[in-house]
Amino acid sequence: ASHTVVVTVAEDNGSLKVTKVTIDGVVSTGEAIGTAKVDVTNTYSETHYTPKVTKILDYENWPEEGFTFDLTATAKTGMTVPEAEKLTVTAKKDDETKEFGEFTFNAAGDYTLKIKEQVPEGAVDNRLAGILYENSDHAVVVTVAEDNVSLKVTKVTIDGVVSTGE
């Protein structure tokens, strides 16, 4: 926001004297001139996103230990990673969707997260007990943009597929 300040100066017995200060239409005279001021309020904006993973397995006998996923985020100015730069969650039968924790963003930009399923020890060619474990990185790009005076997650792109909602 901009402010308009008008200072009126007049000659008084051979010297200059401030006789009036007008700030955004409010006039100050006399002793009030010394206390006339412009108040500037700065605001801080942030937005949040909680990445999730859902394990889909078309098989009735889930391994008891479940399926474990790691999320890594490259530290970047403007993003606060919860707890650590590498987060781990385990999905189990009847609890297939897990959240990694809330990420905070305080600057516009694109932020890349990587999610990868852990392949259990003893697996051969990513396969154990008949289950093929996926060993590829899934890229999650969170796009944060300014929306008027605040920040907002405007889209999330997962492996090249754009989503504009939660």
Side-chain angles (χ1 to χ4, degrees), residues 1-5 23-26 35 37-166:
S2 64
H3 298 276
T4 302
V5 178
I23 300 173
D24 294 334
V26 177
T35 60
K37 63 181 179 168
V38 174
D39 290 323
V40 177
T41 303
N42 294 330
T43 58
Y44 173 80
S45 176
E46 64 182 30
T47 190
H48 307 278
Y49 175 72
T50 302
K52 302 174 187 171
V53 63
T54 299
K55 179 61 179 179
I56 300 171
L57 177 64
D58 188 21
Y59 184 61
E60 201 50 41
N61 298 319
W62 279 51
E64 192 170 311
E65 67 276 5
F67 297 87
T68 302
F69 299 87
D70 294 325
L71 181 146
T72 53
T74 304
K76 181 177 179 181
T77 301
M79 174 176 67
T80 303
V81 178
E83 300 172 28
E85 282 196 27
K86 183 176 181 183
L87 305 171
T88 301
V89 296
T90 300
K92 295 190 174 192
K93 188 173 184 172
D94 300 324
D95 190 18
E96 300 92 351
T97 299
K98 302 304 282 186
E99 294 182 350
F100 284 100
E102 185 176 78
F103 285 67
T104 301
F105 304 94
N106 59 28
D110 290 328
Y111 301 88
T112 301
L113 315 172
K114 298 274 187 195
I115 297 176
K116 186 174 189 172
E117 182 175 21
Q118 288 183 8
V119 176
E121 283 187 38
V124 176
D125 295 329
N126 299 334
R127 189 178 298 276
L128 183 67
I131 298 172
L132 179 62
Y133 290 80
E134 192 174 331
N135 190 28
S136 57
D137 285 328
H138 294 279
V140 179
V141 179
V142 180
T143 301
V144 176
E146 289 188 28
D147 183 24
N148 292 322
V149 294
S150 63
L151 294 173
K152 180 179 178 183
V153 174
T154 55
K155 72 178 174 179
V156 176
T157 306
I158 302 170
D159 290 337
V161 178
V162 176
S163 170
T164 54
E166 279 286 322

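In what follows, every heavy atom counts, from backbone to side chain, and hydrogens, waters and symmetry copies are set aside.
- Rounded to the nearest 0.5 angstrom, Tyr49 OH and Lys152 NZ are separated by 15.0 Å.
- By the 30° and 60° cut-offs, the orientation of the rings of Phe105 relative to Tyr111 is tilted.
- Between Asn126 and Val119, the closest heavy-atom pair is OD1-CG2, 3.6 Å.
- Minimum heavy-atom separation, Glu117 to Glu134: OE1-N, 3.0 Å.
- The structure places CG of Leu87 at 7.0 Å from CZ of Phe100, a figure rounded to the nearest 0.5 Å.
- Nearest approach of Ser45 to Ser150, heavy atoms of both residues: OG-CA, 3.2 Å.
- Rounding to the nearest 0.5 Å places CE of Met79 at 11.5 Å from CG of Asp110.
- Contact annotation: the side chain of Leu57 approaches that of Phe67 to within less than 4.5 Å [non-hydrogen atoms, C-beta and beyond].
- Taken to the nearest 0.5 Å, the CD1 atom of Ile115 stands 9.0 Å off from the CG atom of Asp159.
- By the neighbour-count criterion of 12 heavy atoms within 6.0 Å, atom CG of Asp95 is densely surrounded, having more than that number from other residues, nucleotides or ligands.
- The closest side-chain heavy-atom distance from Lys114 to Leu71 is not below 4.5 Å.
- Environment of CD in Glu64: sparse, with no more than 12 heavy atoms of neighbouring residues, nucleotides or ligands closer than 6.0 Å.
- The two atoms that bring Ala73 and Leu113 nearest to each other are CB-CD2, 3.5 Å, heavy atoms only.
- Here the closest heavy-atom approach between residue Ala107 and residue Leu151 is recorded as N-CD1, 3.4 Å.
- Atom-to-atom distance recorded for His48:NE2 and Glu102:CD is 5.0 Å, nearest 0.5 angstrom.
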Start with the C-alpha gap between Asn135 and Lys116, add the side-chain angles, then the distance that decides, and say whether side chain to side chain contact (heavy atoms under 4.5 Å, CB included) holds. CA-CA 7 Å; Asn135 190 28; Lys116 186 174 189 172; 3.0 Å; yes

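- Under the 4.5 Å side-chain criterion, counting only non-hydrogen atoms from C-beta, Gln118 is in contact with Asp70.
- Atom-to-atom distance recorded for Thr54:OG1 and Lys98:NZ is 11.0 Å, nearest 0.5 angstrom.
- A heavy-atom distance below 4.5 Å is not found between the side chains of His138 and Phe69.
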Please report the C-alpha distance between Tyr59 and Asn61 in whole Å, then the side-chain angles of each, then the deciding distance to 0.1 Å, and finally whether the side chain to side chain contact (heavy atoms under 4.5 Å, CB included) criterion is met. CA-CA 6 Å; Tyr59 184 61; Asn61 298 319; 3.6 Å; yes

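- Under the 4.5 Å side-chain criterion, counting only non-hydrogen atoms from C-beta, Val142 is not in contact with Phe103.
- When all heavy atoms are compared, the tightest approach of Pro63 to Ile131 is CD-CD1, 3.8 Å.
- Salt-bridge formation is detected for the pair Asp39/Lys37: a Lys NZ or Arg NE/NH1/NH2 atom is positioned less than 4.0 Å from an Asp or Glu carboxylate oxygen.
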